[in-house]
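These notes concern the structure reproduced below.
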Amino acid sequence: MEGSGPVIAFWMLAAVTLVAAGGVLVSRNLLHAVLFLILAFIGVAGHFVLLSAEFLAMAQVIIYVGAISVLVLFAILLTPRASRDNGETKAFPFGALLAIALAAVFLFVINDTDWRTVSESPGLAPEALGEALLTTWVLPFEIASVLLTAALVGSIMLARTAEEEAEDALA
Amino acid sequence: MTTLFLASVGIEHFLTVGALLFCLGLMIALGKRNAIGVLMGVELMLNAVNLTLLTFSRFSESDRPIAGQTFVAFIITVAAAEAAVALALAMSVYRNRETVDVDQINLLKS
Amino acid sequence: MTDTIKSEPFVLNIGPQHPSTHGVFRIKATVDGEKVIDAEMVMGYLHRSMEKLAEERTYVQNIPFTDRTDYLSSMSNNLGYCLAVEKLAGIDVPDRGNAIRVIMAEFQRLASHCMAVGAFTNDTGAWQTPVMWCFREREKILDLFEMTCGARLTCNYMRIGGVAFDLPASFVPAARKLVQTLPGFIDEMESLLVANEIFIVRTRGVGVLTPEMATNASLSGPMLRGSGIAWDLRKADSYCGYDKYDFEIPIGYRGDSYDRFLVRLEEMRQSVKIIKQALDGLPGGPHSTQVPLALRPPKGEAYARVEGPRGELGYYVVSDEGPSPHRFHIRPPSFINLSALKEMTVGGSVADAIVVLGSIDIVVGEIDR
Amino acid sequence: MALPMLATDNWYDIRDLANLTNPLLDFVGDNISSELAYILGPLIGFIASFLIFVLPSQLYVGVYGERKLIGRIQSRLGPNRVGPFGLIQPIADAIKLMQKEALTPKLGDPIIMNLAPIIFVAPAVLLFAVIPFGPNMIVANVNVGLLYFLAVSSLPVLAAFMAGWGSNNKYSLFGAMRIVAMSISYEVPLVLALLGVALFTDSLSLQGMVLWQKEWDIWVGFLMPIAFVIYFICVSAELNRTPTDIAEAESEIVAGYLTEYSGMKWGLFYGMDIGYALAASAFAATVFLGGWSMFGLDKFIPPWLLLVVKTHLFYMLFIWTRGTLPRLRIDQLMAFAWKFMLPVALANLLLVATERMLWVDAFDSKQAMLYVFMIVNIAAAVGIVYVWARFLGYDPDSQPTKARLVKEAGGYVPVGREVR
Amino acid sequence: MAVTREWSGHDVAAAVEAAVPGAVAKADAVACFLKPEHLVEAMQALRTGPETDFVHLTNLCGVDYWDHFEVVYHIQSFVRNQICTVKVECWDRETPVVPSVVPVWHGAWMQECEAYDLFGIRFEGHPNLHRILLWDGFPGWPLRKDFLSMPGGLQPGLNEFAGTARREAPPVRPVE
């Protein structure tokens, strides 16, 4: 990927994404963490645009920013103030060590491997994705839709209180 | 890496961002006390994986580059379902245990 | 499994300064999410100790005080107080005085219901349009008041033994012209709101009062009639010669906020009907009997009430043969209509509580006196 | 996609302002290094679109027009003091707002609270990037313009939530909770309605949709009336306009998430509310009302003027509903979205998909068939809505609209025993 | 001409005596005076009796007659279109106590609070008796005739309540 535009964009997006992810890690207020998370999501969506996957970038914004993080915000609102602390467990140092070791391995592999790359974008239009989803990958597509329905019903059942169940049983 | 690292962006750069994002997510997921915080870490990890998949789809030599994008679409779908279920679980746990602290959710411990 | 815990209940102060409390009135609502689980009224921000002040002033000097209790229906307040003192002192009012009193009281009812309907629809969220329309019509009525007694809001027009001045010559034609146009306005309001689907779902079944509840809670006026109880003091205890006029009592079906709204709209029609008859049969003669300025009624007590716009407006006056009342008590309809507020709001949402409060049609000056 | 150009593409042809800006951009591209062009390009586009569309309409047709029109609806005059016909009133308001003190509650979250108006403003401007104002007048001709619009329009919800949270006020929190709950619900039927449009016009780009409507001489709004109405309802819910303005319901929760805001911070929210409404109107004009095309009329009238006029006509609908309708309760709004609009949107999608298949395969893309479909769809819209409303138990004539009348005073009168 | 029938005190007394013997203290042309100990019982009888049927408590207020308080109840019937006046006397000026009629009419709830607020009459059995118009800690009972001549020379007006005089020696403590 040549040219100064994409390069500048990449560095800015990378900085935003990683700083935001770090913000999720360090912020003690759970709500601030969610706002950082949203920023990280938007940064990742920007990367998707750079990788010429506009459709997925938009889907990322709609689903992650518009739905999932809003859902998280809602869950935070419904739990009381006492459990809005975003502190670390006792196991945090071990987790951090593991993650840093993993990062070292990743970086080594990334830099050591000789990737066989193409220089120009394959130029995938949204139509191609749709066609792939409904021809080659139609079985996973259907399974995913079933999964979504099951998750919807399941989460409604999980989040309902006994009181509401009793009301529904009466109705 | 023929050109200067800063002046041109290639597969390595995107992979590096993905890897770092994954590790940050892992750190959050392993280290946070709040169940919702853990969920945020998992979401970040999924995003990192998405980024990596799209990078390969864009840069790798392949006869079917669309496969990477298809995978990402599925992951986004599954992540949405996972987030909904996880948050419903957190709510349910909170209702019954009055806490979402993963250290204190130890029902299986006698 | 422990008991299920819902989200934290917290206290929401609706008022004292709130767009929908119609003055400085406060509801301390304990809410669980959007659901109201407890409601406590806090009032007295506008308390002016009128009952105490009235014990130091003569009977005639007390008339302006009654203007300022329910500042949206001062004519009715004047009328109720004058009736009480007349009952106490045994004074008769000439026919023309009675007819003028009826015309004024009914115009005041129209003006007050204009405000009630407009403010109620504003509480349901119809952003100011019905209010403005109602204001437009109310202004015309207040113009008539200004023409008669020089004041628009605090009229101070009724006197013990009649009214303060005779009607000006231009009043009757102007009133006739207004009465011709008012039914059209009421139709307009109806077409805007009555069949409006959103308005119906917002008010139907909200704040339901059974007839038993309404009776038990001492409610009166449109609140009582909305619950299906046919009780109108103009019919039941026809003061001021109300039995001469042909009108009907509108009553509701189920006692919800929508019924109260319908009752108010229909009462406006009936008021127009009464005014038409009163204007047609306006008798001649004096408008007032001569009453000594320093009135000293005989020892005793009197309780007189009129059907004010908000309900039964009673005045209880005790005389000890002095120049001022020994005890002067107002039975304020909006104060007592609030008795059922808790029953109506608990269990509904915050939005419903606002609608219920709007349907009660409180005037804080009257609650706190 | 090759764009059909206008008769001339001379720079002085004001029917397409792109003719004017393109030579300028070419000049910039030739003489200035490409790094600077990346910065200058968006800047020029931003300023141009702001001057052409956002600023004038926002101030003079958005604020002034709304206040004037709603004044007429409420039988009053509206602004008439500042300048001729009160035309300078919006500027006077802005000056007044800037002079006011911007308060921050002591116990609030100052960072979040002050950040919220800024985050609220950005998407409103970004939304106009994909709206085509003419054959060449489009800031970013993204091939997923529809998705872009949906994605960006989901951002202000977050800003509203931040505003409500940062204020540390119970009314604000109520407003935040309501707007978050509502935006999730109303996104679903909205997307389903727009899916039908994308299906029929075979495009996810807004320019593509306009060109389709121009090619077949039909407006999608008439072809899919259900989608049009659902779009209007959903978008008015997301924009917090009456009858669905529960997030800042004035009579219930004072001003919702705006309760604690003052001065220009509040002014940004207020102004950008109108900005979003205008963006949504421009989107509706583009997708449903033919955009800059007008049955060949766009050869003579500047296309961008057509779009602006259509936008403001659609925006008038928002003002009209705001001036006339009461507000719904939140549970009723939710029930309406899930129980009524979602099934109707699904039925519409099924219908449209079937027609699209028939149109291409059986009728070989005949234009006349589109008009047949239009009539069928309008009939079907009435039918579907009627049947589904009846199924849900809605009976418009069952409600009494007049109080009962009795002649004599007495006790309780059971229903049906009144004397007329 | 429909006019509400106003029962004289003697009629009410007869009706009460028939239902609850010994509940009437005295009766005059206007009102029937009930004994406080039988008040709730007698009111219940007036409310439910087929002849009386006084289902609606219209008005409740206190009156200060210098040496004693009276609580006045105006109760009416919708179906029979009649109204009557019932009173209770209370001779204890220091701690006046009257039984509450909230069990009979819910509408007495706020009116009794108001009478307590302004006269200091305590209503025994009221679920939540509190000062409804004035604030808690307001010195004295303003509608009493001797409110202005209270020990300590208390005069009406804001200065008196907000100043230092009240803090040093509050003239009359509220009952609660």
Side-chain angles (χ1 to χ4, degrees), chain C residues 40-49 51-53 55-56 211-220 224 229-231 233-239 241-244 300-303 305 312 314-316 318 320 326-332 335-343 367-369, chain E residues 1-6 28-31 47 54-66 70 72 74-85 87 102 104-111 113-115 117-119 128 130-135 138 141-145 147-148 156:
Chain C
E40 188 191 331
M41 287 168 280
V42 182
M43 56 191 83
Y45 296 97
L46 209 60
H47 183 56
R48 289 154 294 170
S49 62
E51 295 182 0
K52 184 75 177 172
L53 288 169
E55 291 175 8
E56 304 295 323
E212 292 76 28
M213 274 165 76
T215 314
N216 198 21
S218 299
L219 304 186
S220 53
L224 193 62
I229 297 175
W231 184 251
L233 287 169
R234 293 174 294 174
K235 278 279 187 202
D237 191 7
S238 35
Y239 56 92
Y242 262 112
D243 50 340
K244 282 186 284 189
E301 61 180 63
Y303 176 69
R305 62 255 176 86
E312 179 178 335
Y315 283 86
Y316 179 66
V318 180
D320 57 352
H326 177 78
R327 172 84 170 102
F328 169 78
H329 175 69
I330 308 167
R331 183 230 190 255
F335 177 69
I336 296 170
N337 282 351
L338 280 175
S339 306
L341 181 72
K342 189 174 171 183
E343 282 73 16
I367 295 171
D368 294 348
R369 279 158 291 152
Chain E
M1 180 173 169
V3 174
T4 307
R5 181 188 159 204
E6 290 192 27
D28 58 22
V30 178
R47 192 200 151 131
F54 291 113
V55 291
H56 192 246
L57 172 78
T58 297
N59 182 29
L60 188 159
C61 70
V63 185
D64 183 4
Y65 284 106
W66 293 98
E70 275 178 7
V72 185
H74 289 99
I75 51 183
Q76 65 178 359
S77 163
F78 296 142
V79 178
R80 308 185 72 87
N81 196 2
Q82 57 194 13
I83 185 168
C84 76
T85 311
K87 293 186 179 179
V102 173
V104 189
W105 295 283
H106 179 72
W109 197 92
M110 285 172 75
Q111 305 190 56
C113 277
E114 191 197 342
D117 190 359
L118 302 177
F119 284 96
N128 181 16
H130 63 288
R131 304 201 82 142
I132 194 164
L133 293 177
L134 303 167
W135 57 95
F138 183 89
W141 313 102
L143 270 186
R144 288 191 186 185
K145 286 287 175 186
F147 172 64
L148 295 184

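Letters A, B, ... mirror the listed sequences (proteins, then strands); counts begin at 1. Computed from a predicted structure; not experimentally measured.
Rounded to the nearest 0.5 angstrom, C:Ile367 CD1 and E:Leu133 CG are separated by 9.5 Å.
No other option in C:Glu212, C:Met41, C:Met43, C:His47 has as many heavy-atom pairs under 4.5 Å with chain E as C:Met43. For the set E:Ile132, E:Thr85, E:Leu60, the count of heavy-atom pairs under 4.5 angstrom toward chain C peaks at E:Ile132.
Shown here for C:Ser218 and E:Gly107, the closest heavy-atom pair between the two residues is OG-CA, 3.3 Å. In terms of heavy-atom proximity, C:Arg331 sits nearest to E:Thr58 at NE-O, 2.7 Å.
Side chains of C:Tyr316 and E:Val63 form a contact here, defined as non-hydrogen atoms less than 4.5 Å apart. For the pair E:Ile83 and C:Tyr303, the minimum side-chain heavy-atom distance is below 4.5 Å. C:Ile336 is not listed as a side-chain neighbour of E:Met110, based on a closest heavy-atom distance of 4.5 Å or more. Between C:Arg305 and E:His74 there is no side-chain heavy-atom pair separated by less than 4.5 Å. Inter-residue side-chain proximity for E:Gln76 and C:Glu312 is flagged as met; some heavy-atom pair is nearer than 4.5 Å. With contacts defined as side-chain heavy-atom distances shorter than 4.5 Å, the pair E:Leu118/C:Lys52 does not qualify.
Here C:Glu40 pairs with nothing under the salt bridge (charged side-chain N to carboxylate O under 4.0 Å, His left out) rule; sequence neighbours left out.
Here E:Glu70 does not pair with C:Arg327 in a salt bridge; the nearest charged N to carboxylate O distance is not below 4.0 Å.
Residue E:Leu57 touches chain C through both its backbone and its side chain, counting heavy-atom pairs closer than 4.5 Å. Only the backbone of E:Val104 comes within contact range of chain C, with at least one heavy atom under 4.5 Å from a heavy atom of that chain. Within the 4.5 angstrom heavy-atom criterion, only side-chain atoms of C:Leu224, from C-beta onward, approach chain E. In this structure, chain E has a heavy atom under 4.5 Å from the side chain of C:Ile229, while its backbone stays farther away. Contacts between C:Ser49 and chain E at a heavy-atom distance below 4.5 Å are absent for every atom of the residue. For chain C, no part of E:Ile75 is nearby; none of its heavy atoms comes within less than 4.5 Å. Looking at C:Phe335, both its backbone and its side chain come within 4.5 Å of chain E, counting heavy atoms on both sides. Only the backbone of C:Lys235 comes within contact range of chain E, with heavy atoms under 4.5 Å apart. Both the backbone and the side chain of C:Glu51 have a heavy atom closer than 4.5 Å to some heavy atom of chain E. Heavy-atom distances place no part of E:Asn128 under 4.5 Å from chain C, backbone and side chain included. For chain C, the nearby part of E:Arg47 is the side chain; its heavy atoms alone come within less than 4.5 Å.
Checked by atom type, the side-chain pair C:His329/E:Asn59 shows a donor-acceptor distance below 3.5 Å.
Between the side chain of E:His56 and the backbone N or O of C:Leu219 there is at least one donor-acceptor pair closer than 3.5 Å.
Between E:Phe78 and C:Trp231, the two ring planes are tilted [angle within 30° to 60°].
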Candidate pair C:Val318 and E:Tyr65, rule side-chain contact (heavy atoms from CB on, under 4.5 Å), full reasoning: CA-CA 10 Å; C:Val318 180; E:Tyr65 284 106; 3.4 Å; yes
